[in-house]
2 protein chains.
Amino acid sequence: MPNFREFEPQELRFVSSFKAGELVAEVGTTLLSEGNHSAHLYTLLSGWAFRYKTLQDGRRQILNYLLPGDLIGLQGSIIGELQHSVEALSPLVLCVFQRDRLSELFRNHPGLGFDITWLAAQEERMLDDHLLSLGRRTALERAAYLIAFLYQRAASVGLAASSTLYVPITQMHVADTLGLSIVHTNKTLRKLADRSLIRWLDRSCEVLDVDGLMDLAGWDGLPERRRPLI
Amino acid sequence: MPNFREFEPQELRFVSSFKAGELVAEVGTTLLSEGNHSAHLYTLLSGWAFRYKTLQDGRRQILNYLLPGDLIGLQGSIIGELQHSVEALSPLVLCVFQRDRLSELFRNHPGLGFDITWLAAQEERMLDDHLLSLGRRTALERAAYLIAFLYQRAASVGLAASSTLYVPITQMHVADTLGLSIVHTNKTLRKLADRSLIRWLDRSCEVLDVDGLMDLAGWDGLPERRRPLI
DNA sequence: CGAGAACTTGACCCAGGTCAATGCCGGTGG
DNA sequence: CCACCGGCATTGACCTGGGTCAAGTTCTCG
């Protein structure tokens, strides 16, 4: 995987011991949920998941998507309480870490500590982009942005063969990400399809023209950079 | 300041040497701007600022507000490129750090490295809340949330005498934070005032009933916790 | 073959946007 | 001292993007 940086040998040894085991989760599993205090810390090894929050009356907002290489539950491990939930979009394989050894990681492997901060900063940047989208883009622009974003993320971990992406999401997920109703989401995706930018397939989406999407959204894309993996 | 954790003596020594100087900025100064590669890293010592992004056609989205104790420019220092701008809302005093010594900090002072990650996780959590707000709350709920949020943040650094808060923002800032037009923002703030939850004063806002605001927004508030200061 | 899920589509409605005008300072130049 | 100007806040009239409601249409799966 060319996009990931190499470990130092002693880092590799530590990470192996830090790892408490692997976990497999089915589609639809709620891995972590809001308010949980004893949350675990995972790295996603394969599959798609998403983070979300809900209001008391059930309105849901998807915050971001999780792909292989992403940490899951970092907020909980660092601050103590998790304020969002995480659900599997596809079958997942996770690497489970021993949360209480996180300070040991920072103490003895500063490079890994830095990597964790790097990942947090990266997440922050994605959230900045999403905020711009929800606050200031129109429905059509938002949809274009989201799909281009997911495409780029998938591509960066080798999940997008040629220019075709199959994301295991429903229009309901798209709606809850874009802050739109399902009906309007449907009509908006249709418009993108009419412009032959995408093709929507049941529970997934084929991207026909990433550049067209990025252009429509006025989005520059994610900076492509060597990333850490923990 | 009871909310901040204590330094270890050697951490204090390092931080003093890490500090390259102090900087004072006027209202309206753009401290950092989008796309900048050689960005500095600061800690805000006093004053209010905000982070924002813009679309090519000028639409602006405010991402978050910066208060004393917050790091400014962390994304730039960690990832290399800053994707947002930062502007002063009031006169600021900043502590300037030597960005290139950040890895030294992680190496020799793991506690401080952890603190930086803590701050990043905290920022991430605030952005999660903002996303929920933009995506799923109505204009009135959003406004209530924002003001309660700012009030709590100000209170946590001792900037809110009794239940009165003076935030140095215009309705334009509120609009660009909530993703609304100025006109509608004005009408929405008026509704809050009519319910005697707030009182809007030129370029600032007095909070009359925080609990009422939080209740209206369906927001639980920021967890009150001992925080690091760097 | 029936029951869900997910996706579609049309008709109608309303929250919030746009336009336009007004008032209210505080600062500046004369 | 006054006239003028440029930000900001305010308000009313009107319009539209996106929400809500209500039917379908496929599929898939038991």
Side-chain angles (χ1 to χ4, degrees), chain A residues 26-28 50 55 57-62 87-90 133-147 166-194 198-206 216-217, chain B residues 26-28 50 55 57-62 87-90 133-147 166-194 198-206 216-217:
Chain A
E26 285 311 300
V27 179
F50 65 95
L55 255 18
D57 63 7
R59 283 175 280 176
R60 178 176 76 165
Q61 177 63 41
I62 293 181
E87 191 179 316
L89 279 170
S90 71
S133 211
L134 283 188
R136 291 305 183 197
R137 281 195 249 253
T138 65
L140 194 66
E141 292 166 345
R142 268 184 243 183
Y145 160 72
L146 175 63
I147 293 172
Y166 295 96
V167 214
I169 55 177
T170 67
Q171 295 190 357
M172 184 67 167
H173 293 114
V174 176
D176 283 347
T177 309
L178 303 182
L180 300 171
S181 68
I182 325 170
V183 174
H184 198 67
T185 298
N186 180 284
K187 289 171 182 170
T188 303
L189 290 174
R190 172 137 311 283
K191 280 185 198 163
L192 290 182
D194 289 345
I198 65 165
R199 192 176 305 149
W200 189 268
L201 316 164
D202 235 41
R203 224 154 306 204
S204 79
C205 166
E206 184 179 342
L216 174 54
Chain B
E26 285 311 300
V27 179
F50 65 95
L55 255 19
D57 63 7
R59 283 175 280 176
R60 179 177 75 166
Q61 178 62 41
I62 293 181
E87 190 180 315
L89 279 171
S90 71
S133 211
L134 283 188
R136 291 305 184 198
R137 281 195 249 253
T138 65
L140 194 66
E141 292 167 345
R142 268 184 244 183
Y145 160 72
L146 175 63
I147 293 173
Y166 295 95
V167 214
I169 55 177
T170 67
Q171 295 190 358
M172 184 68 168
H173 293 114
V174 176
D176 283 347
T177 310
L178 302 182
L180 300 172
S181 68
I182 326 170
V183 174
H184 198 66
T185 298
N186 180 285
K187 289 171 182 170
T188 303
L189 290 174
R190 172 137 311 283
K191 280 186 198 162
L192 291 181
D194 289 345
I198 65 164
R199 192 177 306 150
W200 188 268
L201 314 164
D202 235 40
R203 225 156 303 206
S204 79
C205 166
E206 184 179 342
L216 174 55

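Throughout, protein chains are lettered first and strands after them, A, B, ... in sequence-line order, and every chain is numbered starting at 1.
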Chemist: How about CG on A:Leu55, more than 12 heavy atoms from neighbouring residues, nucleotides or ligands closer than 6.0 Å, or not?
Modeler: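 Yes, because the 6.0 Å sphere around CG of A:Leu55 holds more than 12 heavy atoms from other groups.
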Chemist: If we ignore hydrogens and angles and just use 3.5 Å, is the side chain of A:Glu206 paired with the main-chain N or O of A:Ile198 as donor and acceptor?
Modeler: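 Pair absent, no side-chain N/O of A:Glu206 close to backbone of A:Ile198.
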Chemist: Considering non-hydrogen atoms only, spot the tightest contact between B:Ala143 and B:Thr188 and give its length.
Modeler: CB-CG2, 3.8 Å
Chemist: From B:Arg142 CZ over to B:Arg136 CZ, what is the distance, rounded to the nearest 0.5 angstrom?
Modeler: 10.5 Å
Chemist: Report the distance from atom CG of B:Asp194 to atom C1' of D:dT11, rounded to the nearest whole Å.
Modeler: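 Taking CG of B:Asp194 and C1' of D:dT11, I get 13 Å after rounding.
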Chemist: For B:Val183, check side-chain contact (heavy atoms from CB on, under 4.5 Å) against everything at least two apart and list the hits.
Modeler: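 Residues passing side-chain contact (heavy atoms from CB on, under 4.5 Å) with B:Val183: B:Ser181, B:Lys187.
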Chemist: Angle, rounded to 10°, between the helical axes spanning five pairs at each terminus of the helix from C:dC1-D:dG30 to C:dG30-D:dC1?
Modeler: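 For the helix from C:dC1-D:dG30 to C:dG30-D:dC1, the axes at either end differ by 30°.
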Chemist: When you look at CG of A:Leu140, are more than 12 heavy atoms from neighbouring residues, nucleotides or ligands closer to it than 6.0 Å?
Modeler: yes
Chemist: Between the protein and nucleotides 6-8 of chain C, list every N/O to N/O distance that falls short of 3.5 Å.
Modeler:
| from | atom 1 | to | atom 2 | distance (Å) |
| --- | --- | --- | --- | --- |
| C:dC7 | OP1 | A:Trp200 | NE1 | 3.0 |
| C:dC7 | OP1 | A:Arg203 | N | 3.3 |
| C:dC7 | OP2 | A:Gln171 | N | 2.8 |
| C:dT8 | OP1 | A:Arg190 | NH2 | 3.4 |
| C:dT8 | OP2 | A:Gln171 | NE2 | 2.9 |
| C:dT8 | OP2 | A:Asn186 | ND2 | 2.6 |

Chemist: Less than 4.5 Å apart, side chain to side chain, heavy atoms only: is that true for A:Leu192 and A:Trp200?
Modeler: no
Chemist: Roughly how many Å is it from CG in B:Asp176 to C1' in D:dC8, rounded to a whole number?
Modeler: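 Computing the B:Asp176:CG to D:dC8:C1' distance gives 14 Å.
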Chemist: Can you tell which of A:Arg60, A:Arg59, A:Gln171 makes a side-chain hydrogen bond (donor to acceptor under 3.5 Å, both in side chains) with A:Asp176?
Modeler: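 Only match with A:Asp176 under side-chain hydrogen bond (donor to acceptor under 3.5 Å, both in side chains): A:Arg60.
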Chemist: Under the rule for side chain to side chain donor-acceptor pair (under 3.5 Å), what residues qualify as partners of B:Arg137, not counting sequence neighbours?
Modeler: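 Once residues adjacent in sequence are excluded, the partners of B:Arg137 under the side chain to side chain donor-acceptor pair (under 3.5 Å) criterion are B:Ser133.
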Chemist: Residues in side chain to side chain donor-acceptor pair (under 3.5 Å) with B:Asp194, at least two apart?
Modeler: none
Chemist: What nitrogen or oxygen pairs link the protein and nucleotides 12-16 of chain C at under 3.5 Å?
Modeler:
| from | atom 1 | to | atom 2 | distance (Å) |
| --- | --- | --- | --- | --- |
| C:dG16 | OP1 | B:Ala139 | N | 3.1 |

